[in-house]
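One structure is given below, encoded as structure tokens.
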2 protein chains.
Amino acid sequence: MSPIQGTRTGGRSARVQQAVHDAVRELQSERSRAELSVPLVAQRAGVTPSTVYRRWGTLQELLADVARERMRPDDPPDDTGALETDLKAWARQYLEEISSSPGREYVRDLVASDGEENSEQCNRYCQVKIRAILDRAAERGEPHPDADTVTDRVTAPIVFRVFFSSGDPTPEWAESLVDQVLAD
Amino acid sequence: MSPIQGTRTGGRSARVQQAVHDAVRELQSERSRAELSVPLVAQRAGVTPSTVYRRWGTLQELLADVARERMRPDDPPDDTGALETDLKAWARQYLEEISSSPGREYVRDLVASDGEENSEQCNRYCQVKIRAILDRAAERGEPHPDADTVTDRVTAPIVFRVFFSSGDPTPEWAESLVDQVLAD
DNA sequence: GCGCTAAAGCAAAGAGTTTGCGTTAGACTG
DNA sequence: CAGTCTAACGCAAACTCTTTGCTTTAGCGC
């Protein structure tokens, strides 16, 4: 992979980015969101605040950048042997992840950031997992909805309820969304 | 309605709140979000910044407060004579409202605010409109889903796609969500 | 009217942000 | 493999925003 003309991707730049991201993650686990600040992160990372401002612009954008990284899919979703159970397991895990206190903060940071790139990337990560599940169903010969349908009928309601509804959504409710999308 | 003990609801307090809200709305129509600041709003409203800080805490919370006011339902939704067309008209209008550039900003401000009160209130406003439509359907004797189902299957996908998806959702797509929820 | 106090004003101290300029690391070239 | 070039970093000063203690004011309840 050749580096893009006019931007530096390796060496010191990469080390600074790594150090700043690590600093944010450390501080997020130690202090509340309101206590975070660019100077604080910069000090922990061993760089000057101006470096952070010039690269990320605002604390908001930096937090969104870190949040996006955290959402990146690591392992392929568990293979339970059937579409229904695969999707239910994923839906339960996803609900748990984003309804947790840190999970909500990450999504908040993503939505609050100026560029929509971050939120969109986050959804793409989500769809990568969903598609992996659907592809396995296809291999088994199971009938299955497409990824956009699963997004509209499972992912969207989960995210919406976590952020706009008063009660805590239950794992059972998340599973019922899967039942409904597989019913028709 | 008696005022709550220990807080002032009328007189000067009310005038200040009005002036600050007006100032925010004016400035939002003149400048970009990044150019807004508490001192700027305060100056336009004819109050001191410390007044704004003490009442709202941060610019974020103030913007969320204004955004919530804007989302408050004004008129009852149009009565087109049938559930399907009522819901489709509402879905189209809602999509248009929140996918517009200012609409997205309002929702962003709501989600970004610390207290979840604002986001939840916003959803309650939404459900008020949906329930009005469903109640009319009930009066006509039409079969109809409940408000939570409409929230999960129409409102949630609309909001989710506007914020997490790359392409612009179309009015036709919003209508198809209504078709699906009425189909089963 | 009169007193009481929540809320506003004022101003100074503190914290965060922006910016110009010099320096440095590391990518590219010959 | 040394030399050149420049994106990105460090530093520091100027600037803006935020916080806070104290004073003043408006207007509700008696």
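So you know, we letter chains A, B, ... as the sequences are listed, proteins then strands, and number each from 1.
- Taking A112(A) as the reference, Q60(A), A112(B) meet the side-chain contact (heavy atoms from CB on, under 4.5 Å) condition, with sequence neighbours excluded.
- Regarding L59(A), its CG atom lies at a distance of 17 Å from the P atom of dC17(D), rounded to whole Å.
- Look at CZ on R15(B): it is 8 Å from C1' on dA26(D), rounded to the nearest Å.
- Scanning for ring-ring contact (aromatic ring centres under 6.0 Å, His included) contacts around Y106(A) gives an empty result, with sequence neighbours left out.
- When each of dC9(D), dA7(C), dG27(D) is scored by its nearest atom to the side-chain atoms of S13(B), the top-ranked nucleotide is dA7(C).
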Between the protein and nucleotides 9-16 of chain C, list every N/O to N/O distance that falls short of 3.5 Å.
unit_1, atom_1, unit_2, atom_2, d
dG9(C), OP2, T48(B), N, 3.2
dG9(C), OP2, T48(B), OG1, 3.3
dG9(C), OP2, T51(B), OG1, 2.6
dG9(C), O6, R54(B), NH2, 2.9
dC10(C), N4, S50(B), OG, 3.0
dG16(C), OP1, S37(A), OG, 3.3

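- Using a cut-off of 4.0 Å between Lys/Arg side-chain N and Asp/Glu carboxylate O, D179(A) and K88(A) are scored as salt-bridged.
- Contacts of R70(B) classified as salt bridge (charged side-chain N to carboxylate O under 4.0 Å, His left out), with partners at least two apart in sequence or in another chain: none.
- Every residue two or more places apart in sequence or in another chain that forms a side-chain contact (heavy atoms from CB on, under 4.5 Å) with E142(B) is listed here: A82(B), L83(B), A137(B), R140(B).
- To the nearest angstrom, P of dC11(D) lies 13 Å from CD of Q43(A).
- Considering only residues two or more places apart in sequence or on other chains, F163(A) meets the ring-ring contact (aromatic ring centres under 6.0 Å, His included) condition with none of them.
- Q17(B) has its CD atom 10 Å from the P atom of dA8(C), to the nearest Å.
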